[in-house]
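Here's the structure, in structure tokens; my notes come after.
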Amino acid sequence: MLHALNWFWVSPVTRPLATTLSQHLPQAFFARPAEVVAPELIGCRLVKRQDNGSLLWGVVVETEAYSQEEPACHGYRNRTKRNDTLFGAPGHWYVYLTYGIHHCVNVVTDRANWANGVLLRAVAMPDEPERIAAGPGLLARRFSINRGHDGQPLSTDQGLWLAPPPTAWPLPSGDLVQTGRIGIRQGQDLPWRWYLRSSRSVSRRVAGDRPSPSVALV
DNA sequence: TTCACGATTCTA
DNA sequence: AGAATCGTGAAG
């Protein structure tokens, strides 16, 4: 099982898979600053109900935080039609198109009238190529998420949501890497990117970092 | 109306 | 290292 390394922390499932996947994180979870929510999102599952009723899902292994008071944030300068969702209530999807090609998927956090959100940068998919969703654009492509999802609430009713991890927070000590954000020019001093060290589905690792060995799958 | 550019990815 | 590709916002 080559992908086993990706799944070390997923393996001690304590409840039936369908049960954990159908749970969704409450809005209160997102009603906190992005830099608080982002690391806690590592290990959660991104879940989408497909047309045939089955659930498409994967584990969130990389996130980034953005906040209005720093220049890398879309809401740093002013509120526009494009970034309006980012200023809205927490617990909603903020989806935009970048480079005219790729969609980026964010969750709105904190409070209304304050641009704040977490970018979902990478997801590990079970029984699929390790890098099928290793990056913001690839993630959006794999889950078929587009501007049509912008402004929608995270909910099972809407068909796209985030489920808590099967095991309790926090993640095993040392498996969460905190580092600088990617693909931005300003605000690079902020260490607001987090990823799961044991996962091979991270978009880009810090220099010299290698996926930590599997712990529990033997 | 025009223009420069981006929270990226793929190819050379 | 460079191209692909287009919606958006600021400028004229």
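Checking dT9(B), dA7(B), dG6(B) against the side-chain heavy atoms of Cys104(A) singles out dA7(B) as nearest. Side-chain proximity of Leu138(A) to dT9(B), dG6(B), dA7(B): nearest is dT9(B).
Between the P atom of dT8(B) and the CG atom of Leu120(A) lies a distance of 14 Å, rounded to the nearest Å. What separates NE2 of His102(A) from C1' of dC5(B) is a distance of 15 Å, to the nearest Å. Here the C1' atom of nucleotide dA7(B) and the CD1 atom of Ile184(A) are 7 Å apart, to the nearest Å. Atom-to-atom, CZ of Arg77(A) to C1' of dG6(B) comes out at 14 Å; the value is rounded to the nearest Å. Atom NE2 in His103(A) sits about 12 Å away from atom C1' in dT8(B), given to the nearest Å. Going from atom CG of Leu119(A) over to atom P of dT8(B) covers 7 Å, rounded to whole Å. The distance between atom CZ of Arg141(A) and atom P of dT9(B), rounded to the nearest whole Å, is 9 Å. In this structure, Leu97(A) places its CG atom 13 Å from P of dT9(B), rounding to the nearest Å.
Residues passing the side chain to side chain donor-acceptor pair (under 3.5 Å) test with Glu69(A) are Ser67(A), sequence neighbours excluded. The side chain to side chain donor-acceptor pair (under 3.5 Å) search around Gln50(A) returns Ser54(A), not counting sequence neighbours.
Ranked by how close their nearest DNA chain B nucleotide is to the 5' end, Leu139(A) and Arg185(A) are led by Arg185(A). Each of Ile101(A) and Asn83(A) lies near DNA chain C, and the nucleotide nearest Ile101(A) is the one positioned closer to the 5' end.
Residue pairs meeting the salt bridge (charged side-chain N to carboxylate O under 4.0 Å, His left out) criterion with at least one partner in residues 80-109 of chain A, sequence neighbours excluded, are Arg79(A)-Asp84(A). Applying the side-chain hydrogen bond (donor to acceptor under 3.5 Å, both in side chains) rule to pairs touching residues 88-98 of chain A yields His74(A)-Tyr94(A), sequence neighbours excluded.
Counting any heavy atom pair closer than 4.0 Å across all strands shown, Arg147(A) reaches sugar-phosphate atoms only and no base atom. Backbone-only engagement by Asn78(A) is indicated by non-hydrogen atom pairs under 4.0 Å involving sugar-phosphate atoms exclusively.
For DNA chain C, the span of nucleotides reached by chain A at under 4.0 Å from its heavy atoms goes, 5' to 3', from dA4(C) to dA10(C).
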Query raised in the report: Can you check side-chain contact (heavy atoms from CB on, under 4.5 Å) on Arg32(A) and Glu40(A), steps first, answer last?
Result: CA-CA 11 Å; Arg32(A) 298 176 296 160; Glu40(A) 291 190 22; 3.1 Å; yes

**Report entry** Worked check of side chain to side chain donor-acceptor pair (under 3.5 Å) between Thr179(A) and Arg193(A)
**Finding:** CA-CA 5 Å; Thr179(A) 182; Arg193(A) 183 169 74 105; 4.8 Å; no

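Paired regions of DNA chain C, where each region holds three or more successive Watson-Crick or G-U pairs whose two hydrogen-bonding distances fall under 3.5 Å, are B:1-6 with C:6-11, B:8-11 with C:1-4.
Of the possible polar contacts, one joining the Thr63(A) side chain to the Ala38(A) backbone as a donor-acceptor pair under 3.5 Å is found. Formation of a donor-acceptor pair under 3.5 Å by the Arg131(A) side chain with backbone atoms of Val202(A) is found in this model.
Residues Tyr66(A) and Asn116(A) fail the side-chain proximity criterion, which asks for heavy atoms closer than 4.5 Å.
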